[in-house]
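My questions all concern the structure below.
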Amino acid sequence: MTVTRSPAPPARPRESPPPAIEALDLEALGIQAQELRHRVRCAGREAPRRGGGALLLPAEELIERLLDERLLEP
Amino acid sequence: MTPLRVVVLLRGGGPCDDAALRAGLALGEVTVASVTAPPGDDEALREALARGAGRALRVRDASLEGIDYHGTAQVLAALARHAGFDVVLCGERSADEAQGAVGPAVAEALDLAQVTAALDVRARMAASSSSAAMEAAAGRCACRRRSW
């Protein structure tokens with residue numbers, strides 16, 4: 001398979017200021033906040049990783065991370 | 001020919017978001033979207049608008065604090081549906097969390113085929129039919145066919 005990188009798109013000149021950011025709430029998307037409540041107790045919670053999620057970590061840090069994710073029994 | 005409607009899901013900035021936006025702008029009309037817990041910031045969305053995205057959507061809600069990737073993907077998928085799309089792109093991984101799980105979870109939530117760890121995305125209109133086939137070889141993306 002040949003993979004080529006597309007050229008950077010040219011900057012698009014704007015005749016008017018950029019549009020405003022549209023803020024939506026969960027209900028507008030048909031999602032009830034309570035549907036997400038249990039998600040804070042699930043594995044795979046989103047949290048910043050030291051080193052940007054590098055795969056190679058000191059063993060202690062890896063164990064700490066797995067415990068935090070509840071992927072390892074204390 | 002109607003331009004492709006591309007939704008680019010931004011995950012806080014970084015090189016992967018940048019790559020997804022770059023690919024999206026080359027494909028068609030871009031809507032960028034993000035979800036965060038407060039306080040969050042809109043810098044990545046503003047930058048995307050300045051670079052040529054036509055629309056920016058965001059959800060900022062306290063109930064997103066500390067949720068797992070699946071919950072995040074659920075909200076991002078709902079944003080994509082709200083915007084309307086032909087293709088959804090997202091960076092391979094966020095700069096800080098780097099799990100690389102959200103993209104596939106969004107594709108699952110949207111019930112779409114996906115291509116992962118791709119380097120580039122091209123759209124090519126089929127010469128002999130009224131449908132367009134997506135040639136996907138880049139950015140983490142979810143694709144579906146559309147009629148022109």
Side-chain angles (χ1 to χ4, degrees), chain A residues 1-58 61-72, chain B residues 11-12 14 21-27 31-35 37 42 45-46 48-72 74-75 77-79 81-83 93-102 105 118-122 137-138:
Chain A
M1 182 174 73
T2 302
V3 175
T4 56
R5 189 171 289 279
S6 59
R12 300 180 187 179
R14 282 192 184 279
E15 295 174 357
S16 56
I21 294 166
E22 298 170 46
L24 298 167
D25 57 31
L26 292 171
E27 283 193 14
L29 299 173
I31 297 172
Q32 301 297 316
Q34 61 195 36
E35 291 176 46
L36 300 172
R37 198 166 296 155
H38 72 287
R39 289 281 166 205
V40 300
R41 297 189 303 273
C42 295
R45 286 170 296 137
E46 299 202 284
R49 306 274 182 234
R50 207 182 320 167
L55 295 177
L56 296 174
L57 301 170
E61 195 175 323
L62 180 59
I63 290 168
E64 183 186 340
R65 179 168 153 183
L66 292 173
L67 286 169
D68 186 52
E69 287 288 333
R70 300 176 200 182
L71 296 173
L72 196 65
Chain B
R11 306 278 296 124
L21 178 61
R22 188 169 178 267
L25 291 170
L27 277 182
T31 296
V32 286
S34 77
V35 303
D42 294 330
L45 292 174
R46 277 196 293 270
L49 288 170
R51 288 173 61 182
R55 190 180 182 196
L57 307 174
R58 73 141 151 82
V59 171
R60 185 173 298 151
D61 193 287
S63 58
L64 300 173
E65 179 71 45
I67 64 172
D68 68 338
Y69 71 89
H70 193 91
T72 300
Q74 183 183 342
V75 182
L79 268 177
R81 274 195 215 98
H82 178 85
R93 57 182 63 190
S94 60
D96 54 353
E97 291 141 10
Q99 298 181 66
V102 169
L119 299 173
D120 198 2
V121 179
R122 299 289 177 93

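Naming: A, B, ... by sequence-line order, numbering from 1 per chain. As the structure is a computational prediction, the values presented were derived from the model and not from experiment.
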Chain A contact via B/Asp42 - which portion, at a heavy-atom distance below 4.5 Å | both
Check whether A/Glu35 gets within reach of chain B through its side chain, its backbone, both or neither, counting any heavy atom under 4.5 Å.
->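 Contact with chain B involves the side chain of A/Glu35 alone.
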Per-residue contact mode, B/Arg81 against chain A (heavy atom under 4.5 angstrom) = neither
Indicate the atoms forming the closest heavy-atom contact of B/Gly54 with A/Pro19, along with that distance.
->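 In terms of heavy atoms, the two residues are closest at O-CG, 3.2 Å.
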B/Val75 to A/Ile31 - nearest heavy-atom pair and separation = CA-CD1, 3.9 Å
At a heavy-atom separation under 4.5 Å, does B/Gln74 approach chain A through its side chain, its backbone, both, or neither?
->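 Both backbone and side chain.
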Tightest non-hydrogen contact, residues B/Arg58 and A/Ile21, listed as CG-CG2, 3.9 Å
Can you tell which part of B/Leu79 gets under 4.5 Å to a heavy atom of chain A, answering side chain, backbone, both or neither?
-> both
